[in-house]
Amino acid sequence: GVIFCFVRRNVAHAARVLRPDVLHVNGLGFPFQTRALCALDVPVLVQDHADNPDSRARVLRRWGLAKIAGVAFTSDEQARPFFENGTLNPRTPVFAIPESSTRFRPGDVEAARRETGLYGKPVVLWVGHLDENKDPLTIIDGFSRALDAIPDAHLWCCYLKAPLLEQVRARLARDGRLARHVHLLGAVAHDRVELLCRAADFFVLGSHRESCGFALLEAMACGAVPIVSDIPAFRAITGNAATGALCTPGDAENFSRALTSFSCRSIDDLRARALSHFEAELSFPFLGKKLAAAYQTILANYAARGNDRA
């Protein structure tokens with residue numbers, strides 16, 4: 001309790017000394033700090049960071065977030081459950097802004113393949129935990145079906161946490177052809193992930209929920225074409241499939257058809273579209289512009305409310 005109060009007082013003290021125009025809080029899970037900052041006569045924007053709308057602390061969060069000037073999610077759809085359960089005030093403005101971007105950059109594809117050892121026509125990359133949410137079994141099943149049409153495809157899987165690893169290995173053990181085309185790389189250093197993304201033609205992920213999708217951002221920044229699940233965060237990141245494909249979560253056949261279809265198209269054109277979309281919609285300069293616009297909006301709203309803020 002003493003440490004918590006000490007941190008809280010330091011945050012509020014720093015805000016008083018620096019006299020900012022806007023305060024930006026990363027995460028909806030800091031009700032005491034957020035409430036204290038809202039008392040400083042400065043508008044507060046809170047940004048979602050994989051916060052659970054069903055948290056047992058939602059009553060406390062409701063109190064802590066009651067006076068915020070705005071809230072940001074990767075997709076405004078993600079705000080809905082927070083409004084429905086009363087965590088957020090229904091008058092709170094919502095801004096669709098991804099949590100972050102990436103410094104990953106595209107590079108020579110063939111050089112990246114030589115350095116990483118990746119091969120395949122196409123090269124398909126997975127970067128994510130092997131867990132129920134990311135749903136590797138659906139992706140592997142979809143990839144297996146696609147092999148009939150694209151027999152030279154290879155799927156390369158990087159992961160850290162792997163509660164479904166034994167189920168994945170068992171699935172591969174039942175199918176010799178599939179086992180020859182799916183490669184379990186395990187944990188990979190972050191700088192090497194950039195090389196893997198450069199080497200990949202397609203990036204796949206079967207997530208049922210995500211707050212943003214940092215691996216997807218990194219892959220697209222390197223030119224890998226997304227074939228991912230149709231969830232709010234991924235719809236926002238891909239521009240509602242302006243680049244790549246969105247597939248029904250848990251639907252292996254849908255993933256198979258998308259991978260097969262996109263493998264028949266010019267990978268150079270698909271890469272160019274992915275890179276163009278990233279630079280125009282997902283890069284740090286673009287996010288900076290979106291945040292600046294959000295700050296201006298909440299400043300204007302805050303000034304208009306005047307004494308009603310108390």
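Values in this document were obtained by computation on a predicted structure and should not be read as measured data.
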(request) Sequence neighbours left out, what pairs pass side chain to side chain donor-acceptor pair (under 3.5 Å) with at least one residue falling in residues 277-296? (result) His24-Tyr295
(request) If a pair satisfies side chain to side chain donor-acceptor pair (under 3.5 Å) and one of its residues is in residues 91-115, list it, with sequence neighbours excluded. (result) His49-Glu99, Glu99-Ser211, Arg113-Asp201
Measure across [X] and [Y] and return the closest heavy-atom pair with its distance rounded to 0.1 Å.
X      : Y      : result
Tyr302 : Ala69  : CD1-CB, 4.5 Å
Ala274 : Gly223 : CB-O, 4.3 Å
Ile150 : Pro122 : CD1-CD, 4.2 Å
Cys157 : Leu155 : SG-CG, 3.8 Å
Ala233 : Thr74  : O-CG2, 4.0 Å
Cys222 : Leu275 : C-CD2, 3.8 Å

Flag yes if [X] and [Y] sit in one hydrophobic cluster, no otherwise; membership is Ile, Leu, Val, Met, Phe, Trp, Tyr, and two members link when side-chain heavy atoms are under 4.5 Å apart.
X      : Y      : result
Ile298 : Leu40  : no
Leu216 : Val188 : yes
Leu217 : Leu291 : no
Val25  : Val71  : yes
Leu37  : Val22  : no

How would you list, by chain and number, every residue that makes a side chain to side chain donor-acceptor pair (under 3.5 Å) with [X], sequence neighbours excluded?
X      : value
Asp21  : none
Glu77  : Arg235
Asp135 : Thr138, His208
Arg80  : none

Interatomic spacing from [atom1] in [X] to [atom2] in [Y] - rounded to 0.5 Å:
X      : Y      : atom1 : atom2 : result
Asn85  : Ser55  : CG    : OG    : 9.5 Å
Asp41  : Arg19  : CG    : CZ    : 11.0 Å
Leu28  : Asn52  : CG    : CG    : 11.0 Å
Asp141 : Ile139 : CG    : CD1   : 10.0 Å

(message) One pair to check against side chain to side chain donor-acceptor pair (under 3.5 Å): Asp230 and Thr248. What are the steps and the verdict?
(response) CA-CA 5 Å; Asp230 188 2; Thr248 305; 5.9 Å; no
(request) May I have all residue pairs that pass salt bridge (Lys or Arg N to Asp or Glu O under 4.0 Å) and include part of residues 242-253, sequence neighbours excluded? (result) Arg145-Glu253, Glu253-Arg257
(message) Using the ring centroid of each side chain, check whether Phe32 and Trp63 are separated by less than 6.0 Å.
(response) yes
(request) Decide if the gap between the ring center of Phe95 and the ring center of Phe73 is smaller than 6.0 angstrom. (result) no
Beyond-backbone contact of [X] with [Y], side-chain heavy atoms, under 4.5 angstrom:
X      : Y      : answer
Phe203 : Ile227 : no
Asn89  : Leu65  : no
Trp156 : Leu196 : no
Leu299 : Pro43  : yes
Ile68  : Cys38  : yes
Leu287 : Pro98  : yes
Cys158 : Trp126 : no
Thr87  : Phe83  : no

(message) How about CZ on Arg56, more than 12 heavy atoms from neighbouring residues, nucleotides or ligands closer than 6.0 Å, or not?
(response) no
Output yes when a side-chain donor or acceptor of [X] lies under 3.5 Å from a complementary backbone atom of [Y], and no otherwise.
X      : Y      : value
Ser144 : Ile140 : no
Asn26  : Gln47  : no
Ser256 : Ala252 : no
Ser276 : Ala272 : no

Which atom pairs, one a donor and one an acceptor, fall under 3.5 Å between side chains of residues 159-171 and the rest of the protein, sequence neighbours left out?
| residue | atom | partner | partner atom | Å |
| --- | --- | --- | --- | --- |
| Glu166 | OE2 | Arg169 | NH1 | 3.2 |

Using the salt bridge (Lys or Arg N to Asp or Glu O under 4.0 Å) criterion, which residues pair with [X]? Sequence neighbours excluded.
X      : result
Arg192 : none
Asp148 : Arg177
Glu194 : Arg198

(request) State, without any angle test, whether Ser266 and Asp268 hold a side-chain donor-acceptor pair at a distance under 3.5 Å. (result) no
Run the side-chain donor-acceptor check on residues 178-187: report pairs under 3.5 Å with partners two or more places apart or on a different chain.
| residue | atom | partner | partner atom | Å |
| --- | --- | --- | --- | --- |
| Arg180 | NH1 | Gly176 | O | 3.4 |
| His181 | ND1 | Ala153 | O | 2.6 |
| His183 | NE2 | His154 | ND1 | 2.9 |

(request) Verify side-chain contact (heavy atoms from CB on, under 4.5 Å) between Phe104 and Val193, making sure each step is shown before the conclusion. (result) CA-CA 9 Å; Phe104 279 15; Val193 172; 3.9 Å; yes
(request) Please test Ser207 against Glu210 for side chain to side chain donor-acceptor pair (under 3.5 Å), starting from the C-alpha separation and ending with a verdict. (result) CA-CA 7 Å; Ser207 301; Glu210 294 285 351; 2.7 Å; yes
(message) Show, in sequence, the C-alpha distance, side-chain angles and deciding distance for Leu23 and Leu45, and conclude whether the side-chain contact (heavy atoms from CB on, under 4.5 Å) test is met.
(response) CA-CA 6 Å; Leu23 289 163; Leu45 176 73; over 6 Å; no
(request) Begin with the C-alpha distance, continue with both residues' side-chain angles, and end with the deciding distance and a verdict on side-chain contact (heavy atoms from CB on, under 4.5 Å) for Val123 and Val109. (result) CA-CA 11 Å; Val123 172; Val109 175; over 6 Å; no
(request) Apply side-chain contact (heavy atoms from CB on, under 4.5 Å) to the pair Phe202 and Leu270, showing each step before the final yes or no. (result) CA-CA 9 Å; Phe202 298 104; Leu270 293 170; 4.1 Å; yes
